[in-house]
Amino acid sequence: MTLEFIPTDEQGKPLHEVEYTVKVYTGKTSGAGTDANVFINLYGEKHDSGERPLKDSADNMNKFETGKLDTFKLMAIDLGKLVKLKVRHDNKGIGAAWYLDKIEVVDNRRKKTYYFLCQKWLAVGKDDGQISRELIPVDKSVLEKSIGKKDGARQDVALEIKAAMTTYYTKVVTGTVSGAGTDANVYMILYGDQDHTDKMFLKSSMTYKNKFESGHTDEFILEAVNIGKLLKIKIGHDNSGLLGAAWFLDKVIIDAPSLGCSWTFPCNKWLADNKDDCQLERELFPQELETVEYNPCVPYEIKTYTADERGAGTSANVYICLYGKEVITEEKPLCSKRERDGKFKRGKMDLFTVEMEDVGDSIEKLRIWHDNEGLTPGWKLDKIEVRKLHDSNKLDAKFQRKPSVDGSDTYVFQCGRWLARDEDDYSTSRELIPDQKLQEIMTSSGQSKVKEVKLRDKLKIRCKIQRKPSVDLEAKAIKYIKRVDSDQKLQEIMTSSGQSKVKEVKLRDKLKKKIYEVSVFTGDESSAGTDANVFLNIIGENGDAGERKLHKSETHMDKFERNHCDVFKIEAVDLGKLYKVKVRHDNSSFFKSAWYLGKIEIKDPTDNEVYVFYCERWLAKNKDDGKIERSLYVKGYTGEMGSSTGSINTMKYGSSLSLDSMKSSKSPRMSRKQMSMASSIVGIPEGEQPVSYKISVATGDGDDNGTVSNVYVDICGPKNKHTGKLFLDKEKFEPGCTDCVTVDALDVEDVRKIKVGHDGTAPGTGWFVKSVVIDIPSRGKHYLFNCGTWLARDKSDGKTERTFALDDGVSTVTSYKPMIPYECTVITGDREKAGTDMQITLTLFGTSGTSSPLILEKTGNRFERGSEDLIKLDIEDVGPLKKLRVETSGKGSRTSWYLEKVALFNMKTGEKTNFIHDDWLNKEKGYSKDIPAKIRGKEALDKTSYKISVKTSNVRGAGTDANVYVILFGANGDTGQLHLDKSETYKDPFENDQIDVFTFKDMLSVGEMSKCRVWHDNKGLGAAWHLANIEVEDLKTKKVYKFHCDKWLSTKEDDKQIVRELTCGTSSTPRSPGNKEVINYELEVETSGVDEAGTMHHGWIVIDGEKGTKKYKMHNSKVDKKLRRGTTNTFTFSCKPLGKLKSVTVGACEREDIPVGNANGKEAQWLCKKLSITDTVSGDKYVFSVNTWLPISEEAYDLADGKKVKVKAVEKGHIAVVRNLAAIKYEVIVYTGDVSGAGTNANVFITLFGEHGDSGKRPLKQSFRNLFEKNQVDKFTLECLDLGELIKVRVEHDNSGFRPGWFLEKVEVVNQGTSAMSEFQCHRWFDKDKDDGQIVRDILVAS
C-alpha cells in the first residue's frame, strides 16, 4: 500500500492535487498480454508520484490483454512538466510476459498529453530480459507519421531516446576458481547520485550464449534515465538453476559513454548460500583510481543503404569512423555479432544508433569498412546517412543529457561502390565526404521543418549568442553569419565592455579525395619476398587512411618478390602532410611469409611530393625481432616516436588523428590513476625543480602475495614536505617480483619516511610488500625500507596503507657520489641499412674520471635509419667531457650501425658536448669506437700512436700460447681493450726471454699514463705466462712509460691470477737539441654572484711556479661571453712545465672595442671569487681564493692593479694517486639463495668499483667445482690495484647453459690487506623470465 501525505506551503495551506489520466496500450504481438501486477511512477520537474499499482482499468475487466487500451486515474501533487515514467510488473501469474506498446499520460489540470513510447517486452524470457522500463516522452507527430509502419514508431525516435537516456555498457567478469559459474538468474540495481534503477535482470549476454561461466566476461546493455553518475551497484541472483547456483564474481565494469565515465566495481567474492558469508546479493563500490574519465559521447543515427543488385548484401561485420574538424571517433561496429542477422541485405535500409565521440559542428568525412568475414563478404553500398541532434552535447547542472529541442542535421554520403576483394578496386574500405546536409528545425508550434544546407566549398553554421556585459575572455561568445555568396564567415566577439567586435574568419575548403601512388620496395636479400597478405595505413596531419590491403600491384603479377618495386593506388580523403605509415602482413603463407621490406614511397598527386619511409628490416616471425608489423616514419621526421601521434596531438581515443589535430588540446581516456601520474609534478612551488625518484617495490613470494590494485608511494621529508601519492604504473604486482619505476616529483631533500598503500578493498586484492627502495641519483641517496607486511582489508589488521620510517631499526640509507642528469641524443645516419638492433653501450671519460658503462635500451624505433633518439641518463660526475666510448654487442640480426653523432646535454650545468663519428660500427670497422669531444669546433683530444714492447721473463716455461690483451690508463681515460695479436719482432710471440713489439696507430691519446691492465684468455696448450715488464712509448710526445711485473699470469702458478694491474714505475722523455717539453694546463675562473660582479672586459693572470712563470689573457667578446656574474669559465693553455705552483697575480684590462672611458665604481671593476689551475700531466689541482674587486686597467699584466694570492690548497691528481697504489688481493664471497631453482649453469662475472677506479670485468671461475648452486657459498680471489673504499659491484651472467636463471642472495668482498669487509645485499633473480628480467645488476655497498 502506498500512502501520500499532502504537503503544505509556509502558511499551512495544502498544495493542489492534480488528476492524471494514464492510458496503457498493450501491443498487438502474439502473447503480448500479462497477468502480472503492473506498477507505474511518474517523474516531473518538481516531484515524482511514487510507485503506484495500476489496479482498476476503466475499460476492461481483464486488463493488459493483447491489443487493448486500459485507462487509470492517478491523483498526485503537481509534478510539473513530466520528464520520464517508470513502469514495471512483479512477474507473477501464469503469463507474466508483457509487450507494452506505449503509455499516454494526460495532465488534466493543464490539458496536456505526454506520449511515452515503449514497443518492448517486459519479460524475463524475452528481449533483454527486463521487467522494468524507464520511458521518456516523445512528440506526438512522431507517433502519427509512423502509423502503419512495420517497425512501428520507435526507430523514428531512436536517436532522441538514446540522447535522453543513459546507456550503461556492462561487463560482468566471472572468476576462475573451481565452480565459479552459475545458472541462476542474475540481476543488478544501479545507484546514481540522482536516483536508482529497479532490478534489471542480466538476461541477454552479447558475448556468450551460456552466460556467467568460469573465466567468462559477459557483456550487457542497460538503460536508465537521469540517475546521475554511479555511486554503487547491487548485484545478486535468485539462487535458481539445476546445475549450480553458487557464483564467484570477480568484478563488474560499467561504461557510460554519454557521461564520459567508466567504473570498475571489484567483488572477488562468492554469491552463494553455502560459501563465503552465504550472501546472494552484494553491494559493490567503484575502485576510485580505476575510474576512467573522458569527453562525453553523443548518439548518431546511421542509415546504410545496400544497393539493389545481385550479390550486393554482405555477411561481414561493418565498422564506421567519423571525422570532425577537431575530433575523430573510435572505430565502432554498427552492430554486435548477435544483432548481425538480417542486416545489410540486398536493397535494404538498415538503421543503427551508435554512441561515439562528439565530432563537433560538422562531419567532415567518414570511413566505412568491413572485416571480409563470412561466406559472402562483398558489399555494394549505395549511400550512408548520418543524423546528429543539435545541442546534444550539452549537459544540465545534474550532469544529465538534455533532450534536443533544436532538431537535427543529417549528412548524406553517396557511395555507389563495392567494398569487396573481388570487385571494383578490391578495397573493403571507403572514405566518403558529405554530398548533402539536411537540417531539421523544430518550430515553436512543435512541427519540424527540413531544409537543405548547401555544402559546396564551405560549411556554414548559424548559432545564437546571448549578449552579456561581462564575458570571460577565454569563453568568448561567437556568432556565425550566413552570407548568400557563402564565401565569408564573420565572427562576432563580445568584449568585456559589452560591445561586439566582428572579424572575418577564413573558412576551411571542402575536403577533397586524392589517389595516392604507393611504391613498395622489397629488399635485395635472400628469400626477401613474401606470399602473405600485406596491409598499409597512411597517417598524415589530417588523419589516417585506415588499414588497406595492398591487393593488386600495377607493376608485377606476383607482388612483393625480391628486389621488386610494386606500385599501388590508394584513394583517400586529403591526409595533408604525411609523416607515418603502419605496415604489416598476416603471416598467412605457410611456405613464404617472411618479408624483407626495403622502403615505401608515397606520391601525393596534388604537388607530386614524394614521402620516403625507410624500413630495411624483416617482417617475420622467425627473423629479426619476430615482428610482422612496423611503424615507419617519414625521412627527416623529428617528432615523438613510439606512439600513434608523433609530435601531433591526438583527438581520438583510439589510434587515428582528427583533421585539426595539430591545434587540438583535448585528451584521451584516462583513469584517475593515470591523471594523477600525469600531474605528479603539478603543485611544485615556483622556482623549485622536480627530482627523479627511482622506486623499486618487492612483492612477497607467496602465491597470494601479489595484487592487481593500484599501488602508490608517498615520500616524506622534513617540515611536512612530501611528494603526494606517486602511483606506480604497473597493471599487476606478481609474487616474488621486484617492479621498478622512475617518477619526477617534488624534491623533499632528505627522505625520512614513506607511506605505501593501494586502493584494493575487495577480498583477494591485498598485497604483501617485502621492501621498498627509493633511489635519488641526483642526491646520491639510496633508501631501503624493509616492510615485510600485508596491506589488505582481509588480512592482518585490515590496513591498506602503512608508514615506514627510516629510524625503525630495519631500514637503511646508503650514500654515494651524486649523479648528473644528462639528455643524450643519438643520431643514426641516413644511409642504406644504417639501423641496428645490437645492444649499445656508452662510457664517458672526463677530467675527473670515467663513468660506468651505460646500456641504451633498444625500444621502439630507436637507432633506425635517419632517426634522432633522445634518451635521459643519470651518469656519474666525471667532470668536463673529453671522449665517449661507443660499444656495440656485435649480436643480432643487423650487426652494422651507421652512427652519425652523439650529443650530451648536462642538465645541471647547461653544457652541450658533441661527439661526431659519421661512420660505421661493424665487423669490418670494429664494434667499438672512442670518439673525442668536439668543443668550439676542435677535438678535445689529440691522436697519437703507441708502441708497446712486452718482455717475457727468462724462467722455465715462461712463454704462452694464449691470447694476450692490455688496457692502458691515463689522464684522459683508457685505450680500451688492445689485442696483442701480431708481433713486429717475432712470428711466435710471448716466448721465453723475448721482447715482442706491437704498434697501435691513430689512437686517441690517454695523456700521462698511470697504469696498465694485462691478461690472457688461458687458451692453448701452454697458457701459463711469466711477464717481466711492459714498456709503452707515445710516438707523438716521445714519452716512454715502464710497467714492471715479474709475476706469473697463470691459474696454476704463483697466486693463480691471469689478470695483473701494473703501475707506471718510471716515465722518461728522450730529448733532442730542439725538442722542448710542453704540457697543458686547465684554468678555471669563478666570478662572484653579487650584483655587478661580472665584466665585459678581458681578464689576465701571471702564474709563478718553481720552474718558471706564465702570462695568460682570458679573452672576452660579444660572441664568446666570459667572466659574467655567477659563472665559472674554463680556459686551456700550453707552456713548458712550471713545476709546483706558488702564487698567481690576477687582474683585468679593457677591451679594445669598448674602452672603459669615464666609467667608475663597479662598472670599471671585476669581482673574481676564486680560480684553480690543473696540471694535466700530474693531475694536481692548485686552488687560489681571490674575493677581490679588481680595477679594469688599460694594459694587461699591470701588476700594480692586480691581486697576488698564494696557493690555498692542492688537490692531489688522480695520476699521482694511481701510480702510488699497491696491488691488493680481494676475496669475493658469493652467496646463492635458498629458493627453488636458485642455482645457475651460466658464466658469472663481477666488477668491483671503488674510489680509485674499477677492477674491470672479471670471470668468477674455479676448476673442478660446480659453482653457484642453491644455498651454496663460493669464494674467489681477485687481484687489482687498491680500489680504496668500495662503492658498488656489478654482477652479471651470460645467460648460457641449461638453466641460466640465478638467485643471488648477497656478495661479500674482503680486502685481504686490511681485512675490511664490504657487504652487497641483493636478494634478486638474474633471470630473463623472472623478477624484472635483468641479468646485470649494480649493487651498492650496504651501510
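The analysis underlying the following values was restricted to heavy atoms, covering all of them including side chains, and did not include hydrogens, waters or symmetry mates.
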In this structure, are over 12 heavy atoms from other groups packed under 6.0 Å from D422 atom CG? yes

Short question: side chain of D566, backbone of S553 - any donor-acceptor pair under 3.5 Å? no

Between H216 and N210 the two heavy atoms that sit nearest each other are ND1-O, 4.0 Å

Option from N91, D198, T197 for which side chain to side chain donor-acceptor pair (under 3.5 Å) with S132 holds: D198

What I want to find out is whether K380 reaches E309 closely enough, with some N-O distance under 4.0 Å, to be called a salt bridge. yes

Nearest heavy atoms of Y426 and R421, plus distance in Å: CD2-O, 2.9 Å

Indicate whether any N or O donor in one side chain lies under 3.5 Å from an N or O acceptor in the other, for T207 and S205. yes

Can you find a side-chain donor-acceptor pair between K84 and N226 that sits under 3.5 Å? no

Are side-chain heavy atoms of W98 and V24 found at a separation under 4.5 Å? yes

Among F344, Y319, Y300, the one residue meeting ring pair (Phe, Tyr, Trp, His ring centres under 6.0 Å) with F352: F344

Is it true that K388 and D358 have a side-chain N and a carboxylate O under 4.0 angstrom from each other? yes

Quick one: are V318 and P333 in side-chain contact, heavy atoms under 4.5 Å? no

Kindly say whether the aromatic ring centers of F535 and F568 come within a distance under 6.0 Å. no

Any donor-acceptor pair under 3.5 Å from T314 side chain to P377 backbone: yes

When you check the side-chain N and O atoms of D586 and S588, is any donor under 3.5 Å from an acceptor? yes

Does a side-chain heavy-atom distance below 4.5 Å link I363 with F413? yes

Does the side chain of Q119 reach to within under 4.5 Å of the side chain of L117, using non-hydrogen atoms? yes

Pair V87-I103, side chain to side chain contact (heavy atoms under 4.5 Å, CB included): steps then yes or no: CA-CA 10 Å; V87 60; I103 296 176; 4.3 Å; yes

Please indicate whether K383 has more than 12 foreign heavy atoms, meaning atoms of other residues, nucleotides or ligands, lying under 6.0 Å from its NZ. yes

CD of Q439 to OH of Y411: how many Å apart, nearest 0.5 Å? 8.5 Å

D350 with K303: basic N within carboxylate O range, under 4.0 Å: no

What are the two closest non-hydrogen atoms of A123 and H89, and how far apart are they? N-NE2, 4.4 Å

Any heavy-atom pair between the side chains of L381 and Y305 that's under 4.5 Å? no

Of K512, K365, K514, the residue whose pairing with D574 passes side chain to side chain donor-acceptor pair (under 3.5 Å): K514

Would you indicate whether the side-chain heavy atoms of T170 and V252 approach each other to under 4.5 Å? yes

In this structure, which one of K552, R417, K569 forms a salt bridge (charged side-chain N to carboxylate O under 4.0 Å, His left out) with D425? R417

Give the intermediate values and the outcome of side chain to side chain contact (heavy atoms under 4.5 Å, CB included) for residues K549 and N533. CA-CA 7 Å; K549 182 180 179 182; N533 297 306; 3.3 Å; yes

So, taking the atom named CZ in R387 and the one named CD1 in I302, what distance separates them when rounded to the nearest 0.5 Å? 12.0 Å

Tell me if a side-chain donor or acceptor on T34 pairs with a main-chain N or O of A96 at a distance below 3.5 Å. yes

Ion pair present between E223 and R133, side-chain N to carboxylate O less than 4.0 angstrom? no

Which is it for Y323 and R367 under the side chain to side chain donor-acceptor pair (under 3.5 Å) test, yes or no, and what are the steps along the way? CA-CA 8 Å; Y323 288 75; R367 182 187 305 135; 2.4 Å; yes

Are I368 and I384 side-chain neighbours, meaning at least one heavy-atom pair lies under 4.5 Å? yes

The reported gap from CG in L575 to CG in N542 (rounded to nearest 0.5 angstrom) is 7.0 Å

State, with a plain yes or no, whether a side-chain heavy atom of S204 is found less than 4.5 Å away from one of F220. no

Looking at K28 and D101, does any basic side-chain N land under 4.0 Å from a carboxylate oxygen? no

Flag, side chain of K559 to backbone of H551, donor-acceptor distance under 3.5 Å: yes

With E629, which residues qualify under salt bridge (charged side-chain N to carboxylate O under 4.0 Å, His left out), at least two apart? none

Value rounded to 0.5 Å, distance of OG1 in T428 from CZ in R548: 8.5 Å

Keeping the roles fixed (side chain from T530, backbone from S593), state whether a donor-acceptor pair exists under 3.5 Å. yes

Which atom of L389 lies closest to which atom of A163, heavy atoms considered: CD1-CB, 3.5 Å

Ring center gap for Y187 and F212 short of 6.0 angstrom: no

To check you understand the geometry: which heavy-atom pair defines the closest contact between W379 and A420, and what is its length? N-CB, 4.3 Å

For K68, look at atom NZ and say whether over 12 heavy atoms of other residues, nucleotides or ligands are found less than 6.0 Å away. no

Working for side chain to side chain contact (heavy atoms under 4.5 Å, CB included), residues L322 and M356: CA-CA 9 Å; L322 305 180; M356 294 188 286; 3.5 Å; yes

Any side-chain donor-acceptor pair under 3.5 Å between S362 and E364? yes

Within the side chain of E355, is there an N or O that forms a donor-acceptor pair under 3.5 Å with the backbone of P299? no

Is there a donor-acceptor pair closer than 3.5 Å between any side-chain N or O of T26 and the backbone N or O of T66? no

Between the side chains of D218 and K209, is the shortest nitrogen-to-carboxylate-oxygen separation below 4.0 Å, so that they form an ion pair? no

With distance as the sole criterion, is a donor-acceptor pair present between the side chains of E104 and T113 under 3.5 Å? no

Between K162 and E160, does any NZ, NE, NH1 or NH2 come within less than 4.0 Å of an OD or OE carboxylate oxygen? no

What is the minimum heavy-atom distance between Q414 and D435, and which atoms define it? N-OD2, 2.9 Å

For the atom pair SG (C118) and OH (Y99), what is the distance rounded to the nearest 0.5 Å? 7.5 Å

Within the distance-only criterion (no hydrogens, no angle test), does the side chain of S315 pair as donor or acceptor with the backbone N or O of E373 below 3.5 angstrom? yes

For D255 and Y169, indicate whether the former's side chain and the latter's backbone hold a donor-acceptor pair under 3.5 Å. no

If we ignore hydrogens and angles and just use 3.5 Å, is the side chain of K348 paired with the main-chain N or O of G342 as donor and acceptor? yes

Result of checking I320, L351, T353 against L334 for side-chain contact (heavy atoms from CB on, under 4.5 Å): I320

If we count only N and O atoms by modelled type, under 3.5 Å, do the side chains of H370 and N317 hold a donor and an acceptor together? no

Nearest 0.5 Å please: distance from the CG atom of L366 over to the CG atom of L432. 5.0 Å

